[in-house]
There are 2 protein chains.
Amino acid sequence: MKRERLIDFYDKGIVTISGLISHGRAEAFDYLLGEKTQKFALESEKAALDKIILSKRPVISVNGNVAAIAGEEIANFAKKYEIRVEANLFHWSWERIEKIVSMFEQFDLAILGRNQKERIPGIDSPRGKCEREGIFLADTVVIPLEDGDRAEALKRMGKFIITIDLNPLSRTSKSGDISIVDDLQRAFANFLKFERKDFNGKFAKYDNMMNLKETLKFIGERLKSIEKWPQE
Amino acid sequence: MKRERLIDFYDKGIVTISGLISHGRAEAFDYLLGEKTQKFALESEKAALDKIILSKRPVISVNGNVAAIAGEEIANFAKKYEIRVEANLFHWSWERIEKIVSMFEQFDLAILGRNQKERIPGIDSPRGKCEREGIFLADTVVIPLEDGDRAEALKRMGKFIITIDLNPLSRTSKSGDISIVDDLQRAFANFLKFERKDFNGKFAKYDNMMNLKETLKFIGERLKSIEKWPQE
């Protein structure tokens, strides 16, 4: 179903060919995670929501795949918590920025992306474009399915980085202050289910390195439970 | 580089959109394998070549992704060992069959696929099409990047199945009598490097289930070597 949506968004010109291949990679990692939100992922999602609520200028970055996979959930979440969203593309074009901004307008959310006059230092044009009122001045950026170079550059800018990436070993996940290893539609659905009143300090106890270790341990153990799998 | 070739073959109409996504999945598993032929893979490749040499009617099945990734290596291998090759498509069309057959003709190899009048029992038309002189009467079939349904159906036909698939947990790999967990370009490059005279009985000692267990153990251990990875 998700794959069909990706292909649909490819036909609409929002997802690129590289985006389709990246999605395949994500599918493989989701398979290793059992295709559901595991305990460690839920913990990092709770820490992330807590941090987002504590932040002064949190921004969610969306690219073509993100829009295709979880556009509606992100719009609902951004409206509920009044968080800015910015369209940011790896294969940048005005046309794709415009399509993503328009798509969110259909979800009744005005997002940033049409006025990208600032730059992420160290990222070649036009990949480094961003808006002053969005990613450029953000204290916390949520970067689902982000490219490794850009994730590292945002980190060097001193921002607090929340990644959502199914590959716990990617450069993006390694750049995260909070690294959510979960499907991003599930992650935002979880964010929406959490109750705001429960969030005041969950982040303080969160250890991202420990969480990533648990993630890798889980995948490793899942792969080692091979006595059963030939009969699966 | 491999990814660019896939995109090039997509533009030529040989690789499909689904094929691009599947390639992404394969990339993820190759990453877990360290992007090289591991010891267990080399063992299964040696057993496979031995079995191919022992077989009366071995056939290699090629689809769009297979042609894109290792077309030339397969042509060279098939010529060296005089093995039949048959074009077999999941998203079947005359046009794509024709393009793949023509591509192999450019490598000086006539392959099967234009006369698919037989059927693989249990596989809905036109996915089940195959040639009498090819897959239908084969004793051993080499199925790189094969769909799980078709792999299982070929197995039910009583054929000896050699799979080449980077996902050791796929239904295709589980259907294999010999399951090669390696990139297929590397696998065929290895087949070409082996010397025919060294092959007479390597298959007898080969234990596929043990080999798959070693594969999963390797991936699990690689994932658990996490003390180092944050610095990688």
Side-chain angles (χ1 to χ4, degrees), chain A residues 2-11 15-34 65 148 165-171 173-176 179 181 208-232, chain B residues 2-11 15-34 65 148 165-171 173-176 179 181 208-232:
Chain A
K2 199 164 284 171
R3 186 185 283 198
E4 276 163 26
R5 204 159 61 227
L6 262 287
I7 294 174
D8 180 38
F9 274 71
Y10 169 74
D11 291 336
V15 163
T16 64
I17 286 272
S18 305
L20 292 172
I21 296 178
S22 299
H23 178 69
R25 250 181 305 150
E27 276 186 7
F29 283 103
D30 203 20
Y31 177 72
L32 296 176
L33 289 167
N65 277 32
D165 190 328
L166 282 155
N167 176 359
L169 298 157
S170 70
R171 282 197 296 138
S173 289
K174 289 179 192 180
S175 304
S179 310
V181 182
N208 198 51
M209 193 51 68
M210 191 58 70
N211 194 279
L212 278 169
K213 285 191 182 189
E214 276 174 39
T215 305
L216 294 168
K217 194 168 160 237
F218 173 87
I219 297 174
E221 280 171 6
R222 200 170 132 81
L223 283 164
K224 280 177 77 185
S225 65
I226 51 172
E227 284 75 27
K228 275 175 289 172
W229 76 255
Q231 283 80 46
E232 249 173 38
Chain B
K2 199 165 282 171
R3 188 186 283 199
E4 275 163 26
R5 204 158 62 228
L6 261 286
I7 294 176
D8 179 38
F9 275 72
Y10 169 74
D11 291 337
V15 164
T16 63
I17 286 271
S18 304
L20 292 173
I21 296 178
S22 300
H23 177 68
R25 250 180 306 150
E27 276 187 7
F29 283 102
D30 203 18
Y31 177 72
L32 295 175
L33 289 166
N65 277 32
D165 189 328
L166 283 156
N167 176 1
L169 297 158
S170 71
R171 281 198 294 141
S173 289
K174 289 179 191 178
S175 303
S179 310
V181 181
N208 197 51
M209 192 52 65
M210 191 58 72
N211 194 280
L212 277 170
K213 285 192 183 191
E214 276 174 39
T215 306
L216 293 169
K217 193 168 160 239
F218 173 88
I219 297 175
E221 280 170 7
R222 199 170 133 81
L223 282 165
K224 280 178 81 185
S225 65
I226 51 172
E227 283 74 28
K228 275 175 288 171
W229 76 255
Q231 285 80 46
E232 247 173 39

Requested in this report: Please flag which part of A:L6 lies under 4.5 Å from any non-hydrogen atom of chain B: side chain, backbone, both or neither.
Outcome: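 For A:L6, no heavy atom lies under 4.5 Å from chain B.
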Query raised in the report: Does a side-chain heavy-atom distance below 4.5 Å link A:I219 with B:I219?
Result: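 When only atoms from C-beta onward are counted, B:I219 and A:I219 do not touch, as no gap falls below 4.5 Å.
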Query raised in the report: Looking at side-chain heavy atoms only, is the closest gap between B:F29 and A:F29 below 4.5 Å?
Result: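 No, too far: nothing below the 4.5 Å cut-off.
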If you round to the nearest 0.5 Å, how far is [atom2] of [Y] from [atom1] of [X]?
X: B:E27; Y: A:I21; atom1: CD; atom2: CD1; value: 6.0 Å
X: A:N167; Y: B:L32; atom1: CG; atom2: CG; value: 7.5 Å
X: B:S22; Y: A:L20; atom1: OG; atom2: CG; value: 11.0 Å

Query raised in the report: So which of B:H23, B:R25, B:R171 has the largest heavy-atom pair count under 4.5 angstrom toward chain A?
Result: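 Ranked by contacts with chain A, first place is B:R25.
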Query - Backbone of B:L169 reached by a side-chain donor or acceptor of A:Y31 within 3.5 Å - result: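 Side chain of A:Y31 to backbone of B:L169: a pair is present.
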